[in-house]
2 protein chains.
Amino acid sequence: MGTKRQRAERRTDALSKERIVEAAIGILDTEGESALTFRALTTRLATGAGAIYWHVANKNELLTAATDDVMARVMTEVVGDTEPREAIRAVALGVFDAIDAHPWVGTQLTRDPSQSAMLQFFESIGGRLQALGVPEQAQFDSATALTNYVLGVAGQNAANARQAQETDRSAFLATAAARWARLDPEEYPFLRRMTTQLREHDDREQFLAGIDLILAGIATVR
Amino acid sequence: MGTKRQRAERRTDALSKERIVEAAIGILDTEGESALTFRALTTRLATGAGAIYWHVANKNELLTAATDDVMARVMTEVVGDTEPREAIRAVALGVFDAIDAHPWVGTQLTRDPSQSAMLQFFESIGGRLQALGVPEQAQFDSATALTNYVLGVAGQNAANARQAQETDRSAFLATAAARWARLDPEEYPFLRRMTTQLREHDDREQFLAGIDLILAGIATVR
DNA sequence: ACCTGAACACCGTTCAAGT
DNA sequence: ACCTGAACACCGTTCAAGT
């Protein structure tokens, strides 16, 4: 009985999968994707590599768990809306904001879209399409289109974050816009015409505009 | 003069960026992304690591060059169509087929979408939107939506290829469908309803269906 | 100018050994 | 059951030295 008590009162800083995932998220958020190594983790957790492997199979499982951790919060937070169209927009925006705050989530989702987080997203979208009155036949293609679009944005965001790193966003956009402006006008008339829009656009608004475009297309199928 | 001649007649197997890129593509296509290492390259090219670094700055530049090599062919092959809507579908399908044949291209495009290949794609789409009569204001958002969708599919395809690896496609789909069928029907009614469609769908057709959905949405903006 | 190949600094992962 | 930490098998990249 005394022994059992002792087991229940384990030191609060004992290692666990949750604590490891938490530490991983901390490193990813503050120092970026490339900083997450088992060495960095062992230092932060004051332990050995083998201790981590006792709780986690490998680095990929750790990344998956960290991503699901962030995404689970998003999916549960966005449940209020009843109007299906608004609900779809809200869920999509929730994912966008999460990826914006944690770019490494974008990398991970594009690397492994069969994550339970994406299944939840797909389910959440699909259920609303049903409520929207989209015919059965078209529901699969519609949900897939929305999901692929979100994954594309996720990847872009992660790539931008990787490239921006030091410089801030407006400087980053200015550089990109300058590159567009320097392109051959014969070969790239469209990009040149869009230079100003590139520099001045808002990622979040543009993301929503894309969602609305796809929703408008879906509304077309009757 | 004799010297100059000799220089012109260099041994045909001399190293060059093109030959290195070609070898890299060979490894990527036959053995997959993880097989592309500088050790594998030096073996295949019968040279030293330093020799490769003389022609190529680093692994990322090599991957970028290999991707642009594949994509450049796609973009030039698809120029026949005059009807803008068909041209957009053809360009998108060309990218899809290229990624289907070379899944590593999908990984690279999602990792670095500012590649010249994607700029060409964006330009190609944008020019056609103009021809389609899409208002200036909406062209940027429309081209971005299509591009993000294609990038999302690219990532998915690459991830699937990575996961499939050994087993063939139908076995892969069967496994995924079986996983969907095992989900809690209370929590995942939509996924369960879509299980059959997942198992029987054709990736290429579904990709086109998504493009058509977005195009239908774009046609809505007047 | 172009190439060789050993060496460097780092990875993720394993495993015998401890408690 | 859980943890330690040295060791292993790999990486990408550098660089003194060769031709």
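Computed from a predicted model, the values in this text were never measured in an experiment. Numbers restart at 1 for each chain; the letters A, B, ... are given by sequence-line order, proteins then strands.
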Chemist: Rounded to whole Å, please give me the gap between CD in A:Glu61 and C1' in C:dT13.
Modeler: 14 Å

Chemist: Taking Watson-Crick and G-U wobble pairs with both distances under 3.5 Å, convert DNA chain D into its dot-bracket string, 5' to 3', dots for unpaired and | for cross-strand pairs.
Modeler: ||.|||||...|||||.||

Chemist: Roughly how many Å is it from CD1 in B:Ile52 to P in D:dC15, rounded to a whole number?
Modeler: 18 Å

Chemist: Nearest-Å distance, CG (B:Leu15) to P (C:dG5)?
Modeler: 13 Å

Chemist: Please tell me which of A:Ala51 and A:Phe38 maps to the more 5' nucleotide of DNA chain C, matching each residue to the nucleotide holding its nearest heavy atom.
Modeler: A:Phe38

Chemist: Can you find a side chain N or O atom of A:Trp54 that sits less than 4.0 Å from OP1 or OP2 on D:dC3?
Modeler: no

Chemist: Does a side chain donor of either B:Thr107 or B:Arg162 reach within less than 3.5 Å of an acceptor in the other side chain?
Modeler: yes

Chemist: Any side-chain N or O of B:His55 less than 4.0 Å from the OP1 or OP2 oxygen of C:dA1?
Modeler: no

Chemist: Could you walk me through whether A:Phe190 and B:Ile125 pass the side-chain contact (heavy atoms from CB on, under 4.5 Å) check?
Modeler: CA-CA 9 Å; A:Phe190 178 68; B:Ile125 296 292; over 6 Å; no

Chemist: Might you point out which heavy atoms bring B:Asn160 and B:Phe172 nearest each other, and give the distance in Å?
Modeler: OD1-CZ, 3.6 Å

Chemist: Would you mind telling me which of D:dT14, D:dC3, C:dT13 lies closest to the side-chain atoms of A:Lys59?
Modeler: C:dT13

Chemist: Which whole-number value in Å describes the distance from A:Asn60 CG to C:dT13 C1'?
Modeler: 14 Å

Chemist: To the nearest Å, how far apart are B:Leu45 CG and C:dG5 C1'?
Modeler: 15 Å

Chemist: Nearest heavy-atom pair of B:Thr64 and B:Gln115: which atoms, and what distance?
Modeler: CA-NE2, 3.3 Å

Chemist: How long is the line joining CD1 of A:Ile20 and C1' of D:dC2, in whole Å?
Modeler: 11 Å

Chemist: Testing the basics here: between B:Arg111 and A:Ala159, what is the closest heavy-atom pair and its distance to 0.1 Å?
Modeler: O-CB, 3.5 Å

Chemist: Parallel, tilted or perpendicular, judged at 30° and 60°: which one describes the rings of A:Phe140 and B:Trp180?
Modeler: perpendicular

Chemist: Using a strict 4.0 Å threshold on nitrogen-to-oxygen distance, state whether A:Glu187 and A:Arg192 make a salt bridge.
Modeler: no

Chemist: Picking from D:dT13, C:dT13, C:dC3, which would you name as closest to the side chain of A:Asn58?
Modeler: C:dT13

Chemist: Classify the nucleic acid contact of A:Leu36 as base, sugar-phosphate or nothing, counting any heavy atom under 4.0 Å across all strands shown.
Modeler: sugar-phosphate

Chemist: Closer to the 5' end of DNA chain D via nearest nucleotide, is it A:Arg39 or A:Gly48?
Modeler: A:Gly48

